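To keep things clear, I will list the structure first and then write my remarks on it.
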There are 2 protein chains.
Amino acid sequence: MTEPTGGTSTPRVTARAARRRAEIVEAARQVFTSRGFRGGSLGEIAERVGITHQGVLHHFGSKERLLVEVLRDRDIEDGPGSETLTGAAFLSHLIDTARLNTTRSGIVQAYTVLSAESVTPGHPAQGWFRTRFADLRSEVYQALRIVGGIEVGEAELERGASAVIAVMDGLQVQWLLDPAAVDMPATLRMVINSLLAGWGRPALPQEPNITA
Amino acid sequence: MTEPTGGTSTPRVTARAARRRAEIVEAARQVFTSRGFRGGSLGEIAERVGITHQGVLHHFGSKERLLVEVLRDRDIEDGPGSETLTGAAFLSHLIDTARLNTTRSGIVQAYTVLSAESVTPGHPAQGWFRTRFADLRSEVYQALRIVGGIEVGEAELERGASAVIAVMDGLQVQWLLDPAAVDMPATLRMVINSLLAGWGRPALPQEPNITA
DNA sequence: GTCTATAGACAGATAGAC
DNA sequence: GTCTATCTGTCTATAGAC
């Protein structure tokens with residue numbers, strides 16, 4: 001861990017910088033969540049960390065590059081656990097995620113605001129979301145194919161994948177505006193089960209992973 | 001039509017003003033579509049109409065009030081025809097709307113960006129979208145109740161209403177980012193039919209109103 | 001009804017001191 | 001690594017001439 005090179009130890013300051021960067025990314029996530037990317041300011045982000053906006057730019061170079069870090073950060077946060085799941089387990093994991101999301105409106109709001117904002121011309125996160133949706137559709141497609149069986153048509157599976165993701169995203173907007181009016185996990189489960197039932201397949205169990 | 005009062009005729013200038021206002025609202029819709037409400041500027045709106053941003057403020061007083069007019073305008077545009085439809089006809093109308101939407105990405109983008117932006121704290125369109133979603137859920141609920149029959153539980157109908165609207169909105173985001181990857185009307189129809197089938201009800205006809 | 005002029009605030013980004 | 005200072009641009013809004 002110690003550095004052979006003299007002077008101020010490079011690894012220590014690098015570690016400090018990494019911590020600072022993490023602080024800034026977290027603050028940026030909060031600000032972009034509340035105000036969107038275009039509406040949020042570096043000044044507000046810097047204020048939460050306790051530095052000036054020039055300090056933020058020192059670490060990330062531009063507001064746009066900071067957004068990319070925020071999105072990458074979310075990927076890492078959500079990643080572990082879902083990659084190895086397949087078939088019904090993966091679909092159940094989606095419902096679990098919908099349930100978990102009811103306890104973290106901040107993340108839901110960030111995702112909702114940024115994904116919608118990304119459809120506008122020239123938005124820096126456009127490619128990121130396009131890729132993310134394509135990957136998601138592919139994952140859900142595979143899960144539906146495994147559960148639905150090989151005799152289910154390719155078109156139905158593709159539409160089913162789009163629909164499952166669309167329900168999750170669309171419910172989030174309604175839920176953020178009126179939490180009492182929408183039951184995200186129950187509604188998602190009903191849609192998935194209806195799709196499977198329409199294909200002549202058994203539905204997911206009522207409560208796959210938890211008891212409540 | 002002629003005015004008994006002397007001087008410059010009040011109705012003529014009012015008619016001119018109304019036309020100007022309509023021009024401004026249309027320009028505002030385009031700008032808010034591309035940049036969102038917070039990202040769009042009065043200057044860009046004014047430029048499209050060929051006046052200065054102060055001229056815009058003369059007609060509407062503030063940027064916020066202009067947004068309200070844009071939203072009201074969209075309501076009128078979409079309104080005619082759908083209010084009188086019930087049951088299966090209403091559900092078919094939703095699918096027709098999804099098909100129509102593939103030919104007007106501008107309106108779809110405006111709705112997508114503004115509805116998502118509205119979930120952020122203090123957004124001026126928040127109440128408008130909350131009411132709109134509540135009304136929509138109620139309409140879809142009634143249609144599902146009629147088609148599904150009285151023996152379908154209230155909770156299922158409520159979740160079904162949320163799900164149908166969520167699919168429409170969620171598909172729009174995916175479609176705007178990657179039009180070739182999503183078939184909005186076909187996917188919506190599949191979801192509605194799956195829900196009805198899950199409740200033991202006959203599905204909607206394959207092509208309710210058009211032949212292609 | 002639209003303009004010019006101007007206010008007053010805030011944006012992102014750069015340069016250079018320490 | 002963070003600061004001060006500054007640049008350059010943009011924003012909403014008001015006041016008042018025409």
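This one's a predicted model, so the numbers in the text were calculated from it and none came from an experiment. Excluded from the calculations below are hydrogen atoms, water molecules and symmetry mates; all remaining heavy atoms, backbone and side chain alike, are included. Numbered from 1 within each chain, the chains take letters A, B, ... in sequence-line order.
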is_close_aromatic(His123(A), Phe37(A)), centroid dist under 6.0 Å
yes
Base, sugar-phosphate, or nothing: which does Gly39(A) touch, judged by heavy atoms less than 4.0 Å apart?
nothing
Closest to side chain of Lys63(B), choosing from dT2(D), dG1(C), dT12(D)
dT12(D)
Give, for atom CG of Leu100(B) and atom CG of Asp96(B), the distance between the pair rounded to the nearest 0.5 Å.
8.5 Å
Is there, by distance only and without an angle test, a donor paired with an acceptor across the side chain of His53(A) and the base of dA11(C) below 3.5 Å?
no
What integer distance in Å separates His59(B):NE2 from dA13(D):C1'?
16 Å
Under-4.0 Å side-chain N/O to phosphate OP1/OP2 contact, Arg38(A) with dA11(C)
no
For atom CD of Glu44(B), decide whether the heavy atoms of other residues, nucleotides or ligands shown that lie under 6.0 angstrom number more than 12.
yes
Is any side-chain heavy atom of Val164(A) closer than 4.5 Å to one of Ile192(A)?
yes
Nearest whole Å is fine: how far is dT12(D) P from Phe60(B) CZ?
15 Å
Between Glu64(B) (CD) and dC11(D) (P), how many Å, whole number?
18 Å
Nearest to the side chain of Leu42(A) - dA13(C), dA5(C), dT12(D)?
dA13(C)
Is the phosphate of dT2(C), meaning OP1 or OP2, less than 4.0 Å from a side-chain N or O of Thr52(B)?
no
Closest to the Ala17(A) side chain, choosing from dG1(D), dT14(C), dA13(D)
dG1(D)
Check every atom of dA15(D), dC3(D), dT2(C) against the side chain of Ile51(A) and return the nucleotide holding the closest atom.
dC3(D)
Any side-chain N or O of Arg21(A) less than 4.0 Å from the OP1 or OP2 oxygen of dG1(D)?
no
Has Glu158(B) got a side-chain atom pairing as donor or acceptor with Tyr141(B)'s backbone, closer than 3.5 angstrom?
no
Taking atom P of dA13(D) as reference, at what distance in whole Å does atom CG of Leu66(B) sit?
11 Å
Find which nucleotide of DNA chain C each of Gly61(A) and Ser41(A) is nearest to by heavy atoms, and output the residue with the more 5' nucleotide.
Ser41(A)
Between C1' of dT12(D) and CZ of Arg35(B), the distance in whole Å:
18 Å
Just the rounded figure in Å: distance from P of dT14(D) to CG of Leu57(B).
8 Å
Measure from CZ on Arg20(B) to C1' on dC3(C) and round the result to the nearest Å.
12 Å
His58(A) vs dA13(C): side-chain N/O to OP1/OP2 distance below 4.0 Å
no
In whole Å, I'd like the distance from the CD1 atom of Ile45(B) to the P atom of dC11(D).
10 Å
Nearest to the Gln54(B) side chain among dT14(D), dA5(D), dT2(C), which nucleotide is it?
dT14(D)
Just by distance, do the side chain of Ser115(B) and the backbone of Thr112(B) share a donor-acceptor pair under 3.5 Å?
yes
Using the C1' atom as the point on both nucleotides, what is the distance between dC10(C) and dT6(D), in whole Å?
15 Å
